[in-house]
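Notes follow the structure.
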Amino acid sequence: MQKIDIEMIPGGATPPPIRVGEATIAEAAIAEEMQYHPADSAGTAQLKAARALVVRELLRQRAAVLGVAEAAGEAFDEADSAIAELLERELEVPEPAEADCRRFHAAHPERFSEPTRLRVRHVLLAAAPDDAPARDAGYRLGEKLVRELQEVPERFTEFAQRHSACPSKDQGGDLGWLAPGQTVAELDRALQHLPEGLHDRPLASRYGWHVVTIDQRAEGRELPYEQVAEHVRHSLREQATRRALRHYLLALEAEIGVEGIALDDDSASALMQ
């Protein structure tokens, strides 16, 4: 039987029922499960929710064959421990070899490095993304503050306390040490490329405009293998577990039978979260 992704069903059409073996995944169960799978559209959330329920039903039926839930003394649907016991029995995940770990470290040095950290102060001139007049006014004010700070940098604390819409204004705009990912994404990307000192123009974010000064940069550095060996080993073990779990789920899908939807690589990933 051809498997159909929920997202491909034309608007208003009723999708085919989803079955795992003899069990049917109810539409109400999918609707309830959607809250745990945020996505950029209702269709995507519905698809993720349906796949998650299919995976759980595949595991439930396999656990019933092996008697795992009964051995755990609790209902499989309510027992993460039963899932863990099932996978521990069924999955074969090889331990990564030392040579593989060293090759992986050498091939991905950026994954095992200390990130660049920045000591940042800013003045946030608030303006909503869709408020064009406020954005224009905020940018002009930001340019004015930058010109004045170029002449008298000691006024940064004063300007932060007077103009900033960020709670950091009480500390003179001081955000402390920031590592990548610790501030809003668009500002974070811009900050990573700035040298020390006052930036010569306001920086945009979804919150408005930022007058920014970088007080210090602590550049990132690659860490030697010996310092991150366990992290490397964990990364490879996780990759191997994902591969093993994907193959295991596909084997269960073929053995038990799934109709109305197809599993994908994210099905295994969601189970590991």
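Contact of the Leu198 side chain with the Pro153 side chain is not registered, since no non-hydrogen atoms from C-beta on lie closer than 4.5 Å. Considering only heavy atoms from C-beta on, Glu143 comes within 4.5 Å of Arg147 through its side chain. With a 4.5 Å cut-off on side-chain heavy atoms, Trp209 and Val123 do not count as touching. Annotation: side chain of Lys169 is not in contact with side chain of His163 (no heavy-atom distance under 4.5 Å). Residues Cys101 and Leu236 form a side-chain contact, since some pair of their non-hydrogen atoms from C-beta on lies under 4.5 Å apart. Within the 4.5 Å cutoff, the side chain of Val211 has no heavy atoms near those of the His122 side chain. Side chains of Arg56 and Ile83 form a contact here, defined as non-hydrogen atoms less than 4.5 Å apart. With contacts defined as side-chain heavy-atom distances shorter than 4.5 Å, the pair Phe104/Gln239 qualifies.
Chaining together hydrophobic side chains whose heavy atoms lie under 4.5 Å apart leaves Trp177 on its own.
With rounding to the nearest 0.5 angstrom, the CZ atom of Arg117 is 11.0 Å from the CD atom of Glu219. Atoms CG and CG, on Leu118 and Leu178 in that order, are 7.0 Å from each other to the nearest 0.5 Å. The NE2 atom of His105 sits 8.0 Å away from the CD atom of Glu226 when rounded to the nearest 0.5 Å. Summarising the geometry, atom CZ belonging to Arg140 is positioned 13.0 Å from atom CG belonging to Leu145; distances are rounded to the nearest 0.5 Å. Interatomic distance, CG of Leu203 versus CZ of Arg189, reported as 12.0 Å (0.5 Å rounding). A distance of 6.0 Å separates OG in Ser113 from CG in Leu223, rounded to the nearest 0.5 Å.
Taking the charged nitrogens against the carboxylate oxygens, Arg221 and Glu114 do have a contact shorter than 4.0 Å, which makes a salt bridge. Ionic pairing of Glu57 and Arg19 is not present here: no N-O contact between side-chain nitrogen and carboxylate oxygen is shorter than 4.0 angstrom.
Remark: Arg155 engages Glu148, Leu149, Val152, Glu158, Phe159, Arg162 in a side-chain contact (heavy atoms from CB on, under 4.5 Å) (not counting sequence neighbours).
Atom CD of Glu92 has 12 or fewer heavy atoms from other residues, nucleotides or ligands within 6.0 Å. No more than 12 heavy atoms of other residues, nucleotides or ligands shown are found within 6.0 angstrom of CD on Glu151.
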| request: Could you walk me through whether Gln161 and Asp170 pass side-chain contact (heavy atoms from CB on, under 4.5 Å), step by step? | output: CA-CA 6 Å; Gln161 292 172 342; Asp170 295 331; over 6 Å; no
| said: Assess the residue pair Ile214 and His199 against the criterion (side-chain contact (heavy atoms from CB on, under 4.5 Å)); give the C-alpha distance rounded to whole Å, side-chain angles, the decisive distance to 0.1 Å, and a yes or no. | reply: CA-CA 8 Å; Ile214 308 294; His199 191 47; over 6 Å; no
| Do Tyr139 and Arg201 pass the side-chain contact (heavy atoms from CB on, under 4.5 Å) test, and can you show the C-alpha distance, the side-chain angles, and the key distance before you say yes or no? | CA-CA 9 Å; Tyr139 187 79; Arg201 58 184 175 81; 4.1 Å; yes
| said: Run Val232 and Arg102 through side-chain contact (heavy atoms from CB on, under 4.5 Å) and show every step you take. | reply: CA-CA 8 Å; Val232 176; Arg102 290 185 177 275; over 6 Å; no
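No chain of hydrophobic side-chain contacts below 4.5 Å, direct or via other Ile, Leu, Val, Met, Phe, Trp or Tyr residues, connects Tyr36 to Leu47. Cluster annotation: Ile18 is connected to Leu252 through the hydrophobic network of ILVMFWY side chains, with a link wherever side-chain heavy atoms come within less than 4.5 Å. Hydrophobic clustering (ILVMFWY, side-chain heavy atoms < 4.5 Å, transitive): Leu86 and Val20 are in one cluster. When hydrophobic clusters are built by joining Ile, Leu, Val, Met, Phe, Trp and Tyr residues whose side-chain heavy atoms come closer than 4.5 Å, directly or via intermediates, Val93 is grouped together with Val55. Val212 and Val146 are members of different hydrophobic clusters when ILVMFWY side chains are connected at heavy-atom separations under 4.5 Å.
Between the side chain of Arg62 and the backbone N or O of Ile256, no donor-acceptor pair lies under 3.5 Å. Panel note: side chain Arg89, backbone Ala84; no donor-acceptor pair is recorded below 3.5 Å. Looking at Arg51, its side chain does come within 3.5 Å of a backbone N or O of Ala262 through a donor-acceptor pair. With hydrogens and angles ignored, the 3.5 Å screen pairs a side-chain donor or acceptor of Glu186 with a backbone N or O of Arg206. Using a distance-only test at 3.5 Å, with no hydrogens or angles considered, no donor-acceptor pair links the side chain of Thr44 to the main chain of Asp40.
Shown are Thr213, Asp215, Asp174; of these, the side chain to side chain donor-acceptor pair (under 3.5 Å) with Arg119 is made only by Asp174. Put simply, the residue from Ile261, Leu249, Leu59 that forms a side chain to side chain contact (heavy atoms under 4.5 Å, CB included) with Val54 is Ile261.
Nearest heavy-atom pair, Ile30 versus Ala50, reported as atom, atom and distance to 0.1 Å: CD1-CB, 4.0 Å. Nearest heavy atom pair, residue Pro167 against residue Gln171, reads O-OE1, 3.7 Å. Of all the heavy atoms in Ala240 and Pro94, the pair that sits closest is CB-O, 4.5 Å. When every heavy atom of Leu91 is checked against every heavy atom of Ala244, the shortest pair comes out as CD2-O, 3.7 Å. Nearest heavy-atom pair, Ala126 versus Ala165, reported as atom, atom and distance to 0.1 Å: CB-CB, 3.7 Å. Between Gly172 and Phe156, the closest heavy-atom pair is O-CD2, 3.8 Å.
Outside the 6.0 Å centre-distance limit, the rings of His108 and Phe112 are not counted as a close aromatic pair.
A donor atom on one side chain and an acceptor atom on the other are found under 3.5 Å apart for His37 and Glu33. Checked by atom type, the side-chain pair Ser205/His210 shows a donor-acceptor distance below 3.5 Å. Between the side chains of Tyr248 and Glu253, not a single donor N or O lies within less than 3.5 Å of an accepting N or O.
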